[in-house]
Protein chains: 2
Amino acid sequence: MFMQREPRSMGPSSITGAAGYTGFAEGLKLSATARHREKELIYAQGDEAGDIFIVEFGCVRVSRITLEGRRLVTGFYFAGEVFGFETGSERQCYAEALEYSGTRKFHLEDRDLTNPRIADMLFDYLESTHQHLLILGTQNAIERVAAFLVGIADRRGGDGPRARLPMSRSDIADHLGLTLETVSRAIHRLQVLKLITLVGARDVILLDREALIDLGA
Amino acid sequence: MFMQREPRSMGPSSITGAAGYTGFAEGLKLSATARHREKELIYAQGDEAGDIFIVEFGCVRVSRITLEGRRLVTGFYFAGEVFGFETGSERQCYAEALEYSGTRKFHLEDRDLTNPRIADMLFDYLESTHQHLLILGTQNAIERVAAFLVGIADRRGGDGPRARLPMSRSDIADHLGLTLETVSRAIHRLQVLKLITLVGARDVILLDREALIDLGA
DNA sequence: CGCTCATTTGAATCTAATCAACTCCTGTGG
DNA sequence: CCACAGGAGTTGATTAGATTCAAATGAGCG
């Protein structure tokens with residue numbers, strides 16, 4: 001299995017809730033790298049909140065289950081990105097490794113945002129949440145999927161218009177407020193429109209990034 | 001960690017993006033009250049960000065327009081609630097008074113969150129954004145409208161199960177990712193279900209708050 | 001190679017959007 | 001006081017888009 005291990009992902013945060021940083025570690029007491037097997041739970045709903053995580057390699061999915069049992073995937077996080085912000089003392093979300101992944105964490109004491117680095121991370125997270133909200137509030141299926149793919153590709157940095165999708169169609173669907181079948185059909189339509197090419201089910205090549213952005217922005 | 005520093009004036013923040021506070025003014029250099037006529041613009045898309053507003057009386061609507069010209073109403077803010085957080089240096093959203101309203105503001109210097117009161121406001125705002133996201137990501141029309149009405153009624157505090165809606169059906173629709181006709185029909189269905197009563201078009205009485213929460217939570 | 005699970009594809013159904021007409025409310029002016 | 005105008009809201013008919021249910025295909029893994 002090919003494991004992507006990018007040095008860093010920069011770029012503005014995207015719809016999947018990323019906050020990319022270089023040099024984020026300065027001034028933060030980071031834990032040693034914890035390694036997680038595929039599907040391993042990193043934290044659970046109900047856990048005590050307060051730890052913030054940084055992805056070293058791999059990909060993490062953060063989700064939340066509603067009272068009716070429906071799932072919202074709040075974000076996917078790649079190398080260099082930060083996840084784990086919560087507003088209460090108990091976690092409402094849970095996080096899992098989508099593939100073999102490494103994370104480091106630091107403790108956020110009592111909502112202490114005096115460290116401007118942490119404040120920036122929180123603002124970036126807020127921005128990605130706004131972007132996600134805009135997509136769920138205003139876009140249709142094909143627009144959502146287009147925006148999602150552009151967001152993923154942008155964050156994977158230097159490797160051009162190609163991106164691997166470590167998440168399933170069902171994960172994408174629950175992130176975009178759609179069903180997995182609708183996601184599959186939207187991807188198919190994007191191929192017919194010659195805006196993307198699929199290589200297998202989990203690799204996409206963006207053929208016309210501008211058109212995708214026009215659709216999804 | 002993440003403990004509340006201070007009792008809130010109202011329940012947990014709701015889907016409309018409210019952060020209600022008593023005594024919020026302590027330690028903040030608030031401006032004098034600015035008064036706004038109905039429909040008056042409080043700030044515009046493109047304005048310099050950095051000021052945070054507190055509603056003294058009335059109601060404020062915050063919205064954002066997408067490139068395609070679609071509108072997302074990110075929140076409605078009532079007396080005691082805080083709005084105006086943005087992630088960049090330029091505002092992406094614009095704010096308008098829905099009725100004769102008063103606001104006071106303070107300046108947030110360069111994302112400075114060292115004041116724990118401001119950090120709390122930001123966390124509350126993040127929580128309301130999460131709630132909004134959950135609704136747009138997982139709920140259908142009648143559930144969205146039920147959740148919206150409960151949220152409004154909860155925030156209007158002491159005046160029992162009755163709430164005035166200073167916003168139009170179209171505003172509600174753009175907040176919930178629906179059309180105004182769908183909102184109107186959902187309200188009608190909630191009446192038929194005997195969960196609410198309408199008094200005119202802009203006043204609702206919640207008859208069965210539990211059932212509404214079951215629908216919308 | 002064969003199993004399992006993810007994905008795709010198809011058909012039917014259903015929800016919400018769209019387009020259109022009509023009602024209601026409110027404010028204005030004769 | 002009543003008539004009228006204009007905007008907001010409701011209601012109806014139709015359409016479009018996404019969901020649901022079901023089956024077939026494909027990919028990865030032992």
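What you see is a predicted model; the values in this text were computed from it and never measured. Every chain is numbered from 1 and lettered A, B, ... according to where its sequence line falls, protein lines coming before strand lines.
In this entry the distance linking CZ of A:Arg169 with C1' of C:dC5 reads 14 Å, nearest Å. When the P atom of D:dT11 is taken as reference, atom CG of B:Leu180 falls 13 Å away, rounded to whole Å. Protein atom CD of B:Glu38 is 13 Å distant from nucleotide atom C1' of C:dG27, rounded to whole Å. We find that CG of A:Asp171 is positioned 14 Å from C1' of C:dC5, with the value rounded to whole Å. Atom CD of B:Gln191 is separated from atom P of D:dG9 by 14 Å (rounded to the nearest Å). If you take CD of B:Gln139 and P of C:dT15, they are 16 Å apart, rounded to a whole angstrom. Separating the CD atom of A:Glu99 from the C1' atom of D:dG28 is a distance of 15 Å, rounded to the nearest angstrom. In this structure, CG of A:Asn140 is placed 15 Å from C1' of D:dT19, rounded to the nearest angstrom.
Considering only side-chain atoms of B:Thr179, the nucleotide from D:dT20, C:dA17, D:dG9 that sits closest is C:dA17. In this structure, of C:dA17, C:dA6, D:dA8, it is D:dA8 that holds the atom nearest to the side chain of B:Arg202. Here D:dA18 is the nucleotide among C:dA16, C:dC19, D:dA18 with the atom lying nearest to any side-chain atom of A:Thr182. Distance from the side chain of A:Glu181 is smallest for D:dA22 among the nucleotides D:dT11, D:dA22, C:dA6.
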Practice item. Please report the C-alpha distance between B:Ile42 and B:Tyr94 in whole Å, then the side-chain angles of each, then the deciding distance to 0.1 Å, and finally whether the side chain to side chain contact (heavy atoms under 4.5 Å, CB included) criterion is met. Key: CA-CA 7 Å; B:Ile42 299 174; B:Tyr94 61 99; over 6 Å; no

Exercise for review: Start with the C-alpha gap between B:Leu98 and B:Asp171, add the side-chain angles, then the distance that decides, and say whether side chain to side chain contact (heavy atoms under 4.5 Å, CB included) holds.
Suggested key: CA-CA 10 Å; B:Leu98 276 178; B:Asp171 290 334; 3.7 Å; yes

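A:Arg185 comes within 4.0 angstrom of a base, heavy atoms only. The residue A:Leu178 sits close only to the backbone: its heavy atoms come under 4.0 Å of sugar-phosphate atoms, none of a base. Among the heavy atoms of the strands, none lies under 4.0 Å from A:Leu165. Nucleic acid contact for A:Ile172: none, since no nucleic acid atom lies under 4.0 Å from a heavy atom of the residue.
Between the side chains of B:His130 and A:Thr129, no donor-acceptor pair is found at a separation under 3.5 Å.
Using cut-offs of 30° and 60° on the angle between ring planes, the pair A:Phe76 and A:Phe148 is perpendicular.
Note on A:His188: every side-chain N or O is 4.0 Å or more away from OP1 and OP2 of C:dT8.
Each of A:Arg91, A:Arg104, A:Lys105 was scored for a salt bridge (Lys or Arg N to Asp or Glu O under 4.0 Å) with A:Asp51, with one residue passing: A:Lys105.
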